[in-house]
There are 2 protein chains.
Amino acid sequence: MMEETRVKLIQAARRAFAAKGYAAASMDDLTAEAGLTRGALYHNFGDKKGLLRAVIDQIDAEMVARMRVERDRADTAWLGFLAECVAYIEMALEPEIQRIMLLDGPAVLGDPSRWPNQNECLRATAQTIQALIDEGTVKPVDTEAAARLLNGAALTAALWIAAADDPRAVFPKAVETFKYLAEGLLRTETRLPPSRQKERPQIE
Amino acid sequence: MMEETRVKLIQAARRAFAAKGYAAASMDDLTAEAGLTRGALYHNFGDKKGLLRAVIDQIDAEMVARMRVERDRADTAWLGFLAECVAYIEMALEPEIQRIMLLDGPAVLGDPSRWPNQNECLRATAQTIQALIDEGTVKPVDTEAAARLLNGAALTAALWIAAADDPRAVFPKAVETFKYLAEGLLRTETRLPPSRQKERPQIE
DNA sequence: CTATTGACATACGGCGCGTATGTGATTTTA
DNA sequence: TAAAATCACATACGCGCCGTATGTCAATAG
């Protein structure tokens, strides 16, 4: 089966890219680990970048799924939004996601919004923000801008946590600060209501 | 002079890394452009990463200098802080800074806070935030967390703007949204005072 | 039964990095 | 001041890796 070959190669690539980074991952090695050769790789994905694109597509889909789960579990739309963002930070702590999606991806393929899949993560966040604006919770900001900047802040938070000497000590600081920033999007009249009521005690 | 050799190599490397990216820049080519060979490069910088580190050090210093100038030009500390951040976004629009500092740098050398120079940009921002906390303008947040997340948001904004079809149309959206996020750090009592008075008219 | 296509494997060439070694000039040391 | 050591770089070599060109074998078509 050709589909099976693609799956095996993508899986091997995920491990190799995560462990060694895109540049240092040898295509001879990772194809051998999948029980194949570089011939199969070039036949299915064109070149090394094509393989990276395929891997990123797969991970992106998984990330969106997890974010939706976390969002839908929350009581209010605002809390769902924050949960979505925190889930993003948590995922970004995983070495595989960090290395492939957040470091090598942008460096090799350029701006994430131009990626094959169009980066579902960003679109999902923008949708959530639009719902919050319609609901009257959030100021009428540009949804794409807000989604991107918050994603960027979350990404930076994750990189910081992961590189820290004591990640567990840094994590709450990052999340707390992130929530402050997000609250800057709230309408000034309804400034502290949706979040502070039942979420504060969890933080401090 | 050995110092002159280092300067020539760093200069050639800046151009090569900015134009082709770190991975695609050939050391044979860039040293030849400086009128030297790879021998000089390995003697002075150890390896290719070492040269990148030297280039990053130089750019980082230039960025801090520009940020300080913008900050000191403002009337209040809060406006100075915002000016500093906007300056960061503007600098991040330059292809050289974007490619080297924001894309290849983290991918090749890892987390910016572990860089040789310790990343002066972040330290400078953290200092400014500390001053705002002492002044009573900003909530008593963790200064490193705030500096990092805002830098991350600014970086993302810059990458977005640079990759946009119409950068000039996107720029004001990004800056406006960034300011909203930053205002999430303000103390709730003094929420809209320092910024809205003389800065709003410039934006809309 | 032959021909063609598809899915891979194998073979080849070139490039780029790192290191080992060479060289002329400058500085140290006796 | 002559010999020796050091310095700043150039040259030479080997290795790994990528991309492409070519080969192989099975499946399907005619």
Side-chain angles (χ1 to χ4, degrees), chain A residues 1-58 99-100 103-110 115-116, chain B residues 1-58 99-100 103-110 115-116:
Chain A
M1 285 305 137
M2 186 164 171
E3 191 55 31
E4 190 183 323
T5 299
R6 289 177 62 93
V7 169
K8 284 197 292 185
L9 285 175
I10 290 176
Q11 204 155 16
R14 278 180 72 152
R15 277 190 305 209
F17 290 164
K20 307 180 177 183
Y22 174 81
S26 160
M27 300 178 71
D28 279 321
D29 292 353
L30 75 92
T31 51
E33 196 171 349
L36 297 161
T37 69
R38 276 197 354 258
L41 198 155
Y42 281 97
H43 185 71
N44 282 283
F45 300 99
D47 62 352
K48 197 178 181 183
K49 284 188 184 182
L51 181 58
L52 177 61
R53 270 187 281 266
V55 169
I56 282 180
D57 266 13
Q58 194 184 75
R99 181 83 230 189
I100 298 175
L103 287 176
D104 287 336
V108 174
L109 302 180
W115 289 359
Chain B
M1 286 302 139
M2 185 164 173
E3 191 55 33
E4 190 183 325
T5 299
R6 291 178 61 93
V7 169
K8 283 198 292 186
L9 285 175
I10 290 176
Q11 204 155 16
R14 280 182 71 153
R15 276 191 305 209
F17 291 162
K20 306 181 176 182
Y22 175 80
S26 159
M27 299 178 71
D28 279 321
D29 292 353
L30 77 89
T31 51
E33 197 172 347
L36 296 161
T37 69
R38 276 195 357 257
L41 198 156
Y42 282 96
H43 185 73
N44 281 283
F45 300 100
D47 62 353
K48 197 179 182 183
K49 283 188 184 181
L51 180 58
L52 178 61
R53 270 187 280 267
V55 169
I56 282 181
D57 265 13
Q58 193 183 77
R99 182 84 230 187
I100 299 175
L103 287 176
D104 288 336
V108 175
L109 302 181
W115 288 358

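Reminder, nothing fancy here: chain letters follow the sequence lines and each chain counts from 1.
When rounded to the nearest whole Å, the span between CE of B:M27 and C1' of D:dT11 equals 16 Å. Across the protein-nucleic acid pair, A:D47 atom CG and D:dA21 atom P stand 14 Å apart, rounded to whole Å. To the nearest angstrom, C1' of D:dC9 lies 14 Å from CZ of B:R6. Distance, A:D28 CG to C:dA11 P: 13 Å, rounded to whole Å. A:D29 places its CG atom 14 Å from the C1' atom of D:dC15, with the value rounded to the nearest Å. Computed from coordinates, the B:L41 CG to D:dA8 C1' distance equals 13 Å when rounded to whole Å. Between the C1' atom of D:dA8 and the NZ atom of B:K8 lies a distance of 13 Å, rounded to the nearest Å. The NZ atom of B:K48 sits 12 Å away from the C1' atom of C:dC15 (whole-angstrom rounding).
For A:S26, whose side chain is taken as the heavy atoms from C-beta onward, the closest listed nucleotide among D:dC17, C:dC8, C:dG18 is D:dC17.
Within residues 30-37 of chain A, no residue has any heavy atom under 4.0 Å from DNA chain D.
For the pair A:R53 and A:F45, the minimum side-chain heavy-atom distance is 4.5 Å or more.
Close to C:dC8, at under 4.0 Å from its OP1 or OP2, lies a side-chain N or O of A:T5. Taking side-chain N and O atoms only, B:H43 has a distance below 4.0 Å to OP1 or OP2 of D:dA8. Applying the 4.0 Å criterion to OP1 and OP2 of D:dA8, one finds that B:N44 has every side-chain N and O outside that range.
A pairwise comparison of heavy atoms in B:Y42 and B:D47 identifies CE2-CA, 3.7 Å as the closest pair. Between A:G110 and A:W115 the shortest heavy-atom distance is O-NE1, 3.0 Å. Considering all non-hydrogen atoms of both residues, B:I56 and B:G105 come closest at CD1-CA, 3.9 Å.
Without hydrogens or angle criteria, B:R6 side chain to B:N44 main chain gives a donor-acceptor distance under 3.5 Å. Side-chain N or O atoms of A:K20 include none that pairs as donor or acceptor with a backbone N or O of A:S26 at under 3.5 Å.
Evaluated for a side chain to side chain contact (heavy atoms under 4.5 Å, CB included) with A:L41, the options A:L36, A:D28, A:T5, A:L30 yield exactly one hit, A:L30.
Residue contacts shown for A:A24 are absent, as no nucleic acid heavy atom lies under 4.0 Å away.
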